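Remarks on the structure that follows.
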Amino acid sequence: MEVENPLDYEIDSVTLLVPYYANGECVKAEYVRLDKIPARGERTMKVPDNKLATSYQVQVRKVHSSALQLCFDIDDYDREGEDPYKCN
């Protein structure tokens, strides 16, 4: 799996949810974290094996970049304000 950073700023961490599927049903899901993705760079990692699965998806759940003051968390429903993803 490859995560690209097209921005001019480093991304400190990205948390991904990887659900695995067999016959259209989710058989397992796990979180994967990638750290220190350089500006205009990429990070590659192997997706953990799952012998039951025939396919998988990748969902971005969290992104943190201190250089951008970005604290994105899709599961944080209490975000408010003019810039809800700005780090406090």
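Keep in mind the model is a prediction, meaning the values are calculated, not measured. Just so you know, these numbers use all the heavy atoms, side chains as well, and skip hydrogens, waters and symmetry mates.
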Could you walk me through whether Val3 and Leu16 satisfy the side-chain contact (heavy atoms from CB on, under 4.5 Å) test, starting with their C-alpha distance in whole Å, then the side-chain angles of each, then the deciding distance to 0.1 Å, before giving a yes or no? CA-CA 10 Å; Val3 175; Leu16 308 168; 4.0 Å; yes
Connecting only ILVMFWY residues whose side-chain heavy atoms lie within less than 4.5 Å of each other, what is the rest of Leu17's hydrophobic cluster? Tyr31
Only pairs under 3.5 Å count here: list side-chain donor-acceptor contacts from residues 18-25, not counting sequence neighbours, and write none if there are none.
from, atom 1, to, atom 2, distance (Å)
Tyr20, OH, Pro48, O, 2.7
Tyr21, OH, Gln57, OE1, 3.4

What heavy-atom pair brings Asn5 and Leu7 nearest, and what distance separates the two atoms? OD1-N, 2.9 Å
Return the set of residues passing side chain to side chain donor-acceptor pair (under 3.5 Å) with Arg40 (not counting sequence neighbours), or none when no residue passes. Asp8
Sequence neighbours excluded, which residues qualify as side chain to side chain donor-acceptor pair (under 3.5 Å) partners of Thr54? none
Testing the basics here: between Glu10 and Ile37, what is the closest heavy-atom pair and its distance to 0.1 Å? CG-O, 3.4 Å
Under the side chain to side chain donor-acceptor pair (under 3.5 Å) rule, collect the residues that match up with Lys36, sequence neighbours excluded. none
Go through the structure and list residues passing ring-ring contact (aromatic ring centres under 6.0 Å, His included) with Phe72, not counting sequence neighbours. Tyr85
Partners of Arg79 by salt bridge (charged side-chain N to carboxylate O under 4.0 Å, His left out), sequence neighbours excluded? none
Let's go through Val47 and Tyr56 carefully: what are the C-alpha distance in whole Å and the side-chain angles of both, what is the deciding distance for side-chain contact (heavy atoms from CB on, under 4.5 Å) to 0.1 Å, and is it a yes or a no? CA-CA 9 Å; Val47 175; Tyr56 66 91; 3.6 Å; yes
Lys62 side, atom NZ; Asp75 side, atom CG - distance, nearest 0.5 Å: 7.0 Å
Once you round to the nearest 0.5 Å, how far does CG of Leu34 lie from CE of Met1? 6.0 Å
With Ala67, which residues qualify under side chain to side chain contact (heavy atoms under 4.5 Å, CB included), at least two apart? Tyr9, Ser65
Those residues that, when tested against Asp35, pass side chain to side chain donor-acceptor pair (under 3.5 Å) (two or more places apart): Arg33
Find the distance between CD1 (Ile74) and OG1 (Thr15) and round it off to the nearest 0.5 Å. 12.5 Å
Residues that Glu82 engages under side chain to side chain contact (heavy atoms under 4.5 Å, CB included), provided they are two or more places apart: none
Suppose we screen for salt bridge (charged side-chain N to carboxylate O under 4.0 Å, His left out). Which residues come up paired with Glu30, at least two apart in sequence or across chains? Lys28
Who pairs with Cys26 by disulfide bond (SG atoms under 2.5 Å apart), at least two apart in sequence or on another chain? none
